[in-house]
2 protein chains.
Amino acid sequence: MTTIKDIAKAAGVSVTTVSRALNGYSDVSEKTRKKIIDIAKQLNYSPNTLARSLVMNKSKTIGLLVSGMTRSAVKDNFTFEVMTGVNDYIAKTDYDVILFNTNSTKQREKTYSQLCRERRVDGVILQGIKTDDPYLTEVVESDIPCVLIDIPIQSDRVGYVTTDNVYGAKKAVQHLLELGHRNIAMMNGHDYAFVSKQRLQGFYEAMEEANVPIRKEWVVNGDFSEEMAEARAYELFTNEPNITAIFCASDLMALGVMKALKQLHLRVPDDVSVVGYDDILLASYVSPALTTVAQNKFQMGYEAASMLIDMLEGNEAKVVTLRTQLVVRESTAEVKKG
Amino acid sequence: MTTIKDIAKAAGVSVTTVSRALNGYSDVSEKTRKKIIDIAKQLNYSPNTLARSLVMNKSKTIGLLVSGMTRSAVKDNFTFEVMTGVNDYIAKTDYDVILFNTNSTKQREKTYSQLCRERRVDGVILQGIKTDDPYLTEVVESDIPCVLIDIPIQSDRVGYVTTDNVYGAKKAVQHLLELGHRNIAMMNGHDYAFVSKQRLQGFYEAMEEANVPIRKEWVVNGDFSEEMAEARAYELFTNEPNITAIFCASDLMALGVMKALKQLHLRVPDDVSVVGYDDILLASYVSPALTTVAQNKFQMGYEAASMLIDMLEGNEAKVVTLRTQLVVRESTAEVKKG
DNA sequence: TTGAAAATCCGAAACGTTTTGGAAAAATGA
DNA sequence: TCATTTTTCCAAAACGTTTCGGATTTTCAA
């Protein structure tokens, strides 16, 4: 592997000059620069990023810390879409992405900042970690620039991008209300997700503004899991036959709910209306097609990467809130009279 | 950021001793080792991987070079599943994954080996590149350990993992033959994919063994794209009304074909049977559910990572061929008597 | 021609590790 | 006690780059 030294020797100059020639400094004559570049090309030289990073004290690397890279997460390819967005932006820069994964216990033995400092990443993007994750407290304490996805924590070193969860949920519930539903349940995620709290709030706001009483026992947690949601929904609808509509905090859970309804011989949307959240790929393919609140996951990743690079270039951490959109499909209908 | 030097000073020993203590060498007394470890913990030390990599001449990093990280690739989450498999294996090792992306023209300005050498990756996994990609020739020429996915190229430095494409395709076509079909078309990918060639061969073998004549004009290329496949299928089925079944080299193309058939008011599977390849998530959700050849993409990634790490530890490159499985769903039926 | 300014170049230190070859200290055996 | 072995430690070089401060050469105006 040829180094800067080899080039220097071949060109009869010092390593300093080679370095400065290759990096476009002005204090090297065009003649020698040309010679050096030619020789570099001829010797098939590529710079050693490790050495450079070491001395420059920045690695031109960002860490991507996601939780959703599991076998089971392929259905809801939220993680993948976010990653794609990140990748898309980063590809336009001179940074590279290094993948940390949080699912393995192996990595879990290291703390967040250990993970980052060992690899000397310049910044991190975090997605999918729970609010009680020890990593989270570390993020704010550490001085590594960081942008969070769907976690509203901010400091001068950490920004975040999220969607208008409260408003999105509100729109979904209002849609149900407009269809005449009054007995509306909610399948929420879990207490360790900010989005759950926010979507619950949206649910509350919509109901209260419409002067519809809220039945607390009609709000259950499905842990963002299809199976769990199915089980919970089965219980709920057997015990509470008056429910005519349910708002789910994720499409995956909505699928679970629909499975439960099928088992109970309740038709969607004739007997009960279902609305989801996310607009995952499957939403438009299941039958009936799912009414849902769409969020642009690709853009979330893209914006996160953009913000992080901005921060690395000296700008300050921001908050980006993307708009959601209610997509009405076939799983919601007017409430039955009587 | 505390370094090994700081620890040495605090402990009153040399950096050598600190290094050797921390790395578990035997030539340091338990007493001093304990002291050093305590101080390291207390100073919140984490080793600088860059410096280590530089001197050790290995980065404990593998490159992941995928082509499918695009917005349009979310439907067919082949790439994501492979990545998940890779990630799953790597998580158990002390390696990290660095993400290269081939779609950006920015990166494309660098050659394959430049990409790898700059970041000093110890090895690479390549997925989704075409057979005419200039990267490919570089792979074999370069001396970087590499494992390819679905590309049958082998040397002492490069291995690959793939599935039994010929046999898989053969099973799919045989299934159609057993249902009584004789007028069978094929929607292939493109000429720059090995899997296309192999699946075509499987198609041929099945037909020939059953003594069914092959109509070359019934084999068309859909470029692995849903839209392209839809257009091609539309042409094909308007011009050739005798076709009763079609084998597609990917599920995504099968979806496109089904769209075309719907437009032409041909029912699946009553009028024409469709079988796909891959078993993507959507396959079981579309209506009618798609009969297809399932391949375990997660395992492909997992095996690839496993092989690569093996190679980095001195073992030689291998070839791993995974089995596929025909999954019969609703899109295939017996040919109409007519 | 001369002096100053501008243009080129370079030596050496630094970044944070690992490793080599040996030195010093302690333990052991006679 | 002394010689020998074993244990424990260390100085210095090396990895490949960047950069600081200064040195040398060239250019140019007077």
Side-chain angles (χ1 to χ4, degrees), chain A residues 1-37 39-40 43-61 94 96 113-122, chain B residues 1-37 39-40 43-61 94 96 113-122:
Chain A
M1 200 134 323
T2 93
T3 76
I4 224 175
K5 249 185 228 168
D6 303 324
I7 300 177
K9 205 176 294 171
V13 297
S14 72
V15 292
T16 306
T17 306
V18 175
S19 173
R20 299 182 76 82
L22 259 26
N23 289 318
Y25 281 73
S26 63
D27 65 348
V28 32
S29 74
E30 278 314 310
K31 201 180 115 205
T32 56
R33 184 195 305 277
K34 192 179 173 323
K35 198 210 289 186
I36 288 171
I37 289 178
I39 293 178
L43 294 183
N44 203 8
Y45 169 75
S46 36
N48 186 332
T49 321
L50 300 175
R52 175 182 292 163
S53 301
L54 184 60
V55 56
M56 307 258 294
N57 201 29
K58 51 180 142 177
S59 63
K60 289 284 175 180
T61 301
D94 57 344
D96 276 321
S113 54
Q114 268 176 329
L115 223 51
C116 297
R117 286 184 318 189
E118 283 189 9
R119 288 290 181 176
R120 287 302 191 274
V121 294
D122 296 332
Chain B
M1 198 134 322
T2 93
T3 76
I4 225 175
K5 249 185 229 169
D6 302 324
I7 300 176
K9 206 176 295 172
V13 298
S14 73
V15 292
T16 306
T17 306
V18 176
S19 173
R20 298 183 77 81
L22 258 25
N23 289 318
Y25 281 72
S26 64
D27 64 348
V28 32
S29 74
E30 279 313 311
K31 200 178 116 204
T32 55
R33 163 172 285 127
K34 190 178 174 325
K35 198 210 289 187
I36 287 171
I37 288 177
I39 293 179
L43 293 183
N44 202 10
Y45 169 76
S46 36
N48 187 332
T49 321
L50 300 175
R52 176 182 291 163
S53 300
L54 184 59
V55 56
M56 308 256 297
N57 202 27
K58 50 179 140 175
S59 62
K60 289 284 175 180
T61 301
D94 57 345
D96 276 320
S113 54
Q114 268 176 329
L115 225 51
C116 297
R117 285 183 318 187
E118 283 190 8
R119 287 290 180 178
R120 286 302 190 276
V121 295
D122 296 333

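Distance CG (B/Leu50) to P (C/dC15): 14 Å, rounded to an integer number of Å. The distance from atom CG of B/Leu54 to atom C1' of C/dT19 is 14 Å, rounded to the nearest whole Å. The distance between atom CD1 of B/Ile4 and atom P of D/dA14, rounded to the nearest whole Å, is 19 Å. Atom CG in B/Asn48 sits roughly 6 Å away from atom C1' in C/dG16 (whole-Å rounding). The nearest whole Å value for the distance from the CZ atom in A/Arg117 to the P atom in C/dG16 is 13 Å. As rounded to whole Å, 17 Å separates atom C1' of D/dT7 from atom OH of B/Tyr25. Nucleotide C/dT17 holds its P atom 11 Å from the CE atom of B/Met1, rounded to whole Å. Rounded to an integer number of Å, the gap from A/Lys58 NZ to C/dA14 P is 21 Å.
B/Thr3 comes within 4.0 angstrom of the backbone, heavy atoms only, and of no base. B/Ser29 comes within contact range of the sugar-phosphate backbone alone, with a heavy-atom separation under 4.0 Å but no base atom that close. At the heavy-atom level, A/Asn23 lies under 4.0 Å from the strands shown only through sugar-phosphate atoms. Looking at heavy-atom distances under 4.0 Å, B/Thr32 makes contact with sugar-phosphate atoms alone, never a base.
When each of A/Thr16 and A/Ser26 is assigned the nucleotide of DNA chain C bearing its nearest heavy atom, the one mapping closer to the 5' terminus is A/Ser26. Each of B/Asn57 and B/Gly12 has a nearest nucleotide on DNA chain D; the 5'-most of these lies closest to B/Gly12.
Side-chain N/O atoms of B/Thr17 include one lying less than 4.0 angstrom from OP1 or OP2 on D/dC10. In terms of phosphate contacts, B/Ser19 brings a side-chain nitrogen or oxygen within less than 4.0 Å of OP1 or OP2 of C/dT18.
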B/Asn48/A/Arg120 under side chain to side chain contact (heavy atoms under 4.5 Å, CB included): CA gap, chis, key distance, verdict: CA-CA 7 Å; B/Asn48 187 332; A/Arg120 287 302 191 274; 3.5 Å; yes
Salt bridge (Lys or Arg N to Asp or Glu O under 4.0 Å) between B/Asp94 and B/Lys60, worked out: CA-CA 7 Å; B/Asp94 57 345; B/Lys60 289 284 175 180; 3.4 Å; yes
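Listed nucleotides: C/dG16, D/dT17, D/dT19. Nearest to the side chain of A/Met56: D/dT19. Taking only side-chain atoms of A/Val13, from C-beta outward, the nucleotide of C/dC10, D/dT18, C/dT18 with the closest atom is C/dC10.
For B/Asn23, the CG atom is densely surrounded, since the number of other residues' heavy atoms within 6.0 Å is greater than 12.
No side-chain heavy atom of A/Ile39 sits less than 4.5 Å from a side-chain heavy atom of A/Tyr45.
B/Ser19 and B/Thr16 are not linked by any side-chain donor-acceptor pair at a separation below 3.5 angstrom, with hydrogens and angles left out of the test.
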